[in-house]
Protein chains: 2
Amino acid sequence: MDITDFLSTIVPFTDDELNDIVSHFKKETVLKNQTLVRQGEICKTLYFIEKGMGRSYYLNENGKEITQWFFGVGKFMSSVDSFFQQTPSLYYLEVLEDATLYCISKEDLDQLFAKYHKMETMGRLVTTEMLTKMVNKLNAIQFQTARERYDYMLAEFPDIAYQVPLGHIASYLGMTQETLSRIRKG
Amino acid sequence: MDITDFLSTIVPFTDDELNDIVSHFKKETVLKNQTLVRQGEICKTLYFIEKGMGRSYYLNENGKEITQWFFGVGKFMSSVDSFFQQTPSLYYLEVLEDATLYCISKEDLDQLFAKYHKMETMGRLVTTEMLTKMVNKLNAIQFQTARERYDYMLAEFPDIAYQVPLGHIASYLGMTQETLSRIRKG
DNA sequence: GAATTCCTTTGACATAGGTCAAATAGTGAG
DNA sequence: CTCACTATTTGACCTATGTCAAAGGAATTC
């Protein structure tokens, strides 16, 4: 998914606007398992995933990795709170397979927000979409059985569910790897 | 919390802008337990809570009310996804005590977003804040014990925790009323 | 292609929190 | 003040899911 195409689907930018906006993004290729942000660092970059996928996770008190979110093709990826509030990140951000990313700094993005009202609209819409998805996950986690949560995952991230290690998905869904393994069986 | 003051704390509007914006909100007084939106309806209004508090909830397959969110003084309240996407609401929205609300329709709000870039910025910031809180709740729910979740609630909504029926809070935290009752004891 | 490391499955057992039912305590209407 | 209704607490019991440990499988590395 090309970033220009993506932006066009959200808000009707003119070609000139699109060119200007996209020119502030820097294309980067990163390899599988590369860490983009560490817990405690301030996340300085917002990534658009042209190809590949990523996840955010944190380490719990026992040092176990807990996946917080998956980011698929054609989505923005970041340690959201850290990036927007410029506070230390609660999460690690990593790429799960070789990926092509479009990167923009907070300063550049803020300039685009200030320059183009439409860009600000896009920011709001993308955030709203994220919020809606977060609400869905919350509902899934809060009152559903382990099996139902897995079904939710299949519906929400069909492309991701079969391509990442079991443990990543289990922790994302708030269950143990063993439980998820048993669910997948029966 | 006055709506004018609230808006000023988020984005530096001029007095003229503030007057224009606030003139599009309609002040309303509603009584305790009044329902503002029903499940299945399209939520047409965004509310700012000057006084009082509210909650959103849904009915699960057994017809039990599950609280989805609490809205306190000085916050915007709505069935977020329904309002912004104009789709049928998954939630009921109700007022938990006599309240004073500032109401605005989707059309009026969109006009303000279009008219004032700063208003759009405000919309994005408010949504981002909501997103951050949602992420916090998700983390609390996902991997904490019932007791820890209650502690999270006390921290996040200190004003609300002691003023609403136990069952509302229990379902919000993803546990039964009985469990919450036992936690409060010991 | 053997060695090493990581990932997944399986089994036995433990437990937090759910369910159901009943008793008790609050609250508001008349 | 009393009745009726609603919210909370308590107890006995149950189950989904966690924990711990070990064995298989896959996949990278040299």
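Keep in mind that what you see is a predicted model, and the values were worked out from it rather than measured. Quick note on labels: first sequence line is chain A, next is B, and so on, each numbered from 1.
Nucleotide D/dT17 holds its P atom 17 Å from the CZ atom of A/Arg184, rounded to whole Å. C/dG17 atom C1' lies 15 Å from atom CD of A/Gln142, rounded to whole Å. We find that CD of B/Glu65 is positioned 9 Å from P of D/dA7, with the value rounded to whole Å. Atom CG in A/Asn60 sits roughly 13 Å away from atom P in D/dG18 (whole-Å rounding). For the pair B/His168 NE2 and D/dT6 C1', the interatomic distance rounds to 12 Å; values are reported in whole Å. Straight-line distance from the CD1 atom of A/Ile183 to the P atom of C/dT10: 14 Å, rounded to whole Å. The interatomic distance linking A/Glu178 (CD) with C/dA12 (C1') rounds to 13 Å, in whole Å. In this structure, the CG atom of B/Leu180 is 9 Å from the P atom of D/dT8, given to the nearest Å.
Its side chain within the 4.5 Å cluster rule, A/Tyr57 clusters with A/Leu59, A/Tyr92 among the Ile, Leu, Val, Met, Phe, Trp and Tyr residues.
In terms of phosphate contacts, A/Thr179 brings a side-chain nitrogen or oxygen within less than 4.0 Å of OP1 or OP2 of D/dG18. One finds no side-chain N or O of B/Thr176 lying less than 4.0 angstrom from the OP1 or OP2 phosphate oxygen of C/dG17.
The shortest side-chain heavy-atom distance between B/Met134 and B/Met130 falls under the 4.5 Å cut-off. Counting heavy atoms from C-beta outward, B/Met175 and B/Arg149 have side chains that approach closer than 4.5 Å.
Judged by distance alone with a 3.5 Å cut-off, a donor-acceptor contact links the side chain of A/Arg182 to the base of D/dT19.
Projected onto DNA chain C by closest heavy-atom contact, A/Lys185 and B/Gly174 fall at different nucleotides, the more 5' of which corresponds to A/Lys185. Checking B/Ala146 against B/Lys32, the closest nucleotide of DNA chain C that is more toward the 5' end is the one next to B/Ala146.
Closest contact between the side chain of B/Thr145 and the listed nucleotides D/dT8, C/dT9, C/dG17 involves C/dG17. Closest contact between the side chain of B/Met175 and the listed nucleotides D/dT9, C/dG18, D/dT17 involves C/dG18. Distances were taken from every side-chain heavy atom of B/Leu166 (C-beta onward) to each of D/dT8, C/dG17, C/dC7; the shortest belongs to D/dT8. Picking from C/dG17, D/dT10, D/dA7 the nucleotide with the shortest atom distance to the side chain of B/Arg149 gives C/dG17.
Residues A/Tyr47 and A/Phe83 keep their aromatic ring centres 6.0 Å or farther apart.
At least one cation-pi condition fails for A/Lys75 and A/Phe70: the charged atom is not both under 6.0 angstrom from the six-membered ring centre and inside a 45 degree cone around its axis.
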